[in-house]
Amino acid sequence: MDDINLHYRFLNWRRRIREIREVGAVRYRERFKRMLRDGDVLSYQGNSDEVGCYVAPRPLSKGNCYFEVTIVDTGVRGMIAVGLVPQYYKLDHQPGWLPHSVAYHADDGKLYNGNTVGQQFGPKCNRGDRIGCGIYLESLEDGRTTVLFTKNGKEVGTVVVPGSPEALYPAVGMHSLGEEVQLDLQAEWGMEEDGLMMVDSHEDEWGRLHDVRVTGTLLEYVGKGKSIMDVGLAQSRLPLNTRCHYYELEITDAGEKCYIALGLARRNYPKNRHPGWSRGSIAYHADDGKLFQGSGVGDAFGPRCFEGDVMGCGIMFPRDYILDSGDDSDDGDLEVWPKQRRVQNELYMNDEDEEEDGEEQEGSKVMVFFTRNGKVVGRREVAVPAGGFYPTIGMMSTGEKIRVDLHPLSG
């Protein structure tokens with residue numbers, strides 16, 4: 001009899017464990033309707049008369065209190081909403097329309113707080129913009145939560161809503177053909193002394209951006225892509241040095257032509273010239289596998305590169321190498337442009353194209369090497385321009401996207 005009782009207790013124990021697992025699986029299962037999810041990309045799959053909605057598998061918490069959505073395509077009407085909803089929110093309603101939900105809507109810049117009538121809140125959002133949503137941890141009291149919304153890393157505004165974070169799940173709504181967003185449920189953020197939430201967009205790593213948009217480590221070409229003058233350029237804030245001598249990019253989308261170039265260039269390199277085309281630069285071009293070194297005519301160098309390939313560029317410094325900039329190149333805090341504290345994104349500026357600087361004095365020679373998928377493609381000895389060689393990337397056709405790691409050998 002004891003053996004039988006023990007057997008039934010064992011079966012009940014196994015059944016209970018299975019029930020707990022099933023409940024847990026349901027609890028942490030994402031929910032979406034009239035949407036297609038491909039990796040971190042959500043795309044609308046309705047007929048524009050019906051709302052599509054996505055609800056994340058987990059609510060916001062102390063360890064994960066912020067998320068971001070990047071608008072990849074606004075579609076026909078750009079009716080994209082980003083906010084917080086209950087776990088079992090009705091998926092045929094936009095976030096913010098129903099009670100206990102709140103959302104910032106991209107098409108009209110309004111805040112919807114449990115109502116189908118929105119209130120004027122912030123600017124409208126378009127293709128390439130990042131909409132963020134989070135909570136202030138220090139404001140959790142009396143069963144109320146302060147919700148924060150951002151656009152491109154800058155605070156738009158806050159709203160106090162009833163309920164605790166455990167009941168607030170990240171949500172995205174869409175309502176017209178062609179709408180597509182990139183979801184980042186693990187967006188990085190930090191708290192400054194004044195308590196403001198700041199988004200780690202990685203823009204501080206770039207000294208100059210022209211027709212290139214930065215979203216974390218993702219760089220996207222946003223130029224016209226119609227002529228050789230429509231180059232998009234991204235140049236690092238700091239040059240390569242003996243401590244940080246190599247960087248990489250991964251082609252996440254080859255775009256129309258894969259006119260992507262990876263290389264090194266002098267400071268203040270012309271913004272409308274691919275790296276390698278003008279003096280003081282060298283680059284490996286993905287579309288034809290050629291090496292360009294201060295000339296518009298390239299030399300056969302390596303294989304062509306396609307979507308998914310990883311291209312790398314580095315310098316083999318001599319043991320006695322010293323960067324000609326007045327500072328020790330091994331200083332990890334080297335500030336080559338001391339007057340430029342924030343990134344200069346020329347996509348939003350009307351400055352005239354910079355003219356070629358006067359002839360700069362070249363420094364010692366170093367060996368520059370390029371890699372493809374971890375294997376060395378080739379090397380070339382070049383003279384370092386005054387001030388050093390800056391990681392520089394060029395793009396020139398619609399749809400090109402790359403993911404860049406300026407410090408792949410660190411850590």
Side-chain angles (χ1 to χ4, degrees), residues 27-33 42 51-71 79-125 129-175 181 183-192 194-199:
R27 182 181 178 186
Y28 295 117
R29 182 181 300 160
E30 61 185 5
R31 301 169 60 242
F32 53 91
K33 185 177 183 179
L42 298 173
V51 170
C53 187
Y54 167 90
V55 179
R58 290 177 172 80
L60 293 184
S61 63
K62 291 184 178 180
N64 181 24
C65 56
Y66 181 83
F67 75 102
E68 273 191 344
V69 167
T70 300
I71 301 176
M79 300 179 71
I80 298 169
V82 177
L84 301 171
V85 303
Q87 181 181 9
Y88 296 109
Y89 191 76
K90 293 183 179 180
L91 299 180
D92 52 358
H93 288 70
Q94 282 276 31
W97 282 2
L98 297 180
H100 310 296
S101 71
V102 61
Y104 178 27
H105 286 223
D107 60 313
D108 55 15
K110 291 183 177 181
L111 180 76
Y112 290 76
N113 188 4
N115 199 308
T116 55
V117 178
Q119 300 176 335
Q120 199 56 50
F121 185 66
K124 297 180 182 180
C125 301
D129 285 332
R130 303 191 322 272
I131 303 175
C133 179
I135 56 174
Y136 278 117
L137 297 176
E138 70 275 12
S139 67
L140 304 179
E141 56 183 19
D142 300 328
R144 294 157 63 88
T145 302
T146 299
V147 178
L148 168 79
F149 290 95
T150 66
K151 178 186 176 185
N152 298 329
K154 296 182 180 179
E155 181 180 336
V156 174
T158 61
V159 60
V160 178
V161 299
S164 64
E166 290 77 13
L168 300 174
Y169 287 70
V172 180
M174 290 187 267
H175 200 180
V181 302
L183 177 67
D184 185 359
L185 293 174
Q186 305 294 328
E188 298 176 357
W189 62 277
M191 300 294 293
E192 290 189 331
D194 57 4
L196 290 179
M197 182 179 293
M198 300 297 292
V199 180

- Message: Using every non-hydrogen atom in the two residues, find where Val156 and Pro123 come nearest and quote the distance to one decimal.
- Response: CG1-CD, 4.2 Å
- Query: Can you list the steps and then say if Leu183 with Phe67 is a side chain to side chain contact (heavy atoms under 4.5 Å, CB included)?
  - Reply: CA-CA 8 Å; Leu183 177 67; Phe67 75 102; 4.2 Å; yes
- About how many Å separate CG of Leu168 and CD of Gln87, when rounded to the nearest 0.5 Å? 12.0 Å
- Query: Looking at His93 and Val51, what are the two nearest heavy atoms and their distance?
  - Reply: C-CG1, 3.6 Å
- Rounded to the nearest 0.5 Å, what's the gap from CZ on Arg58 to CG on Asn64? Could you check? 9.5 Å
- Message: Are Arg31 and Tyr88 packed together at the side-chain level, in the sense that at least one heavy-atom pair is separated by less than 4.5 angstrom?
- Response: yes
- Side-chain donor/acceptor of Gln94 to backbone N/O of Tyr112, under 3.5 Å: no
- Task: Check whether any side-chain N or O of Thr158 sits under 3.5 Å from a backbone N or O of Thr146 as a donor-acceptor pair, and report yes or no.
- Result: no
- Message: Please find the pair of heavy atoms, one from Lys110 and one from Phe121, that lie closest to each other, and give the distance.
- Response: C-CB, 4.0 Å
- Task: Please check if the side chain of Ser101 supplies one atom and the backbone of Gly96 the other of a donor-acceptor pair under 3.5 Å.
- Result: yes
- Gln119 atom CD, over 12 foreign heavy atoms within 6.0 Å: no
- In Å, rounded to the nearest 0.5 Å, how long is the span from CG of Asn152 to CG of Asp129? 4.5 Å
- Query: Does the pair Asp107 and Met79 meet the rule for a side chain to side chain contact (heavy atoms under 4.5 Å, CB included), with working shown?
  - Reply: CA-CA 5 Å; Asp107 60 313; Met79 300 179 71; 4.0 Å; yes
- Task: Could you grab the distance from atom OH of Tyr66 to atom CG of Asp184, nearest 0.5 Å is fine?
- Result: 9.0 Å
- Item | Criterion side chain to side chain contact (heavy atoms under 4.5 Å, CB included) on Val161 and Leu84, from CA distance to verdict | CA-CA 10 Å; Val161 299; Leu84 301 171; over 6 Å; no
- One should read off an interatomic distance between Glu166 CD and Leu60 CG, to the nearest 0.5 angstrom, of 9.5 Å
- Do Leu111 and Phe149 touch side chain to side chain, with heavy atoms closer than 4.5 Å? yes
- Please check if the side chain of Tyr104 supplies one atom and the backbone of Cys133 the other of a donor-acceptor pair under 3.5 Å. no
- Query: Does any N or O in the side chain of Lys151 come within less than 3.5 Å of the main-chain N or O of Lys124, such that one atom is a donor and the other an acceptor?
  - Reply: yes
- Give, for atom NZ of Lys90 and atom CH2 of Trp97, the distance between the pair rounded to the nearest 0.5 Å. 13.0 Å
- Item | Tyr89/His100 under side chain to side chain contact (heavy atoms under 4.5 Å, CB included): CA gap, chis, key distance, verdict | CA-CA 9 Å; Tyr89 191 76; His100 310 296; over 6 Å; no
- Query: Between Cys53 and Leu91, what is the shortest heavy-atom contact and its length?
  - Reply: CB-O, 3.3 Å
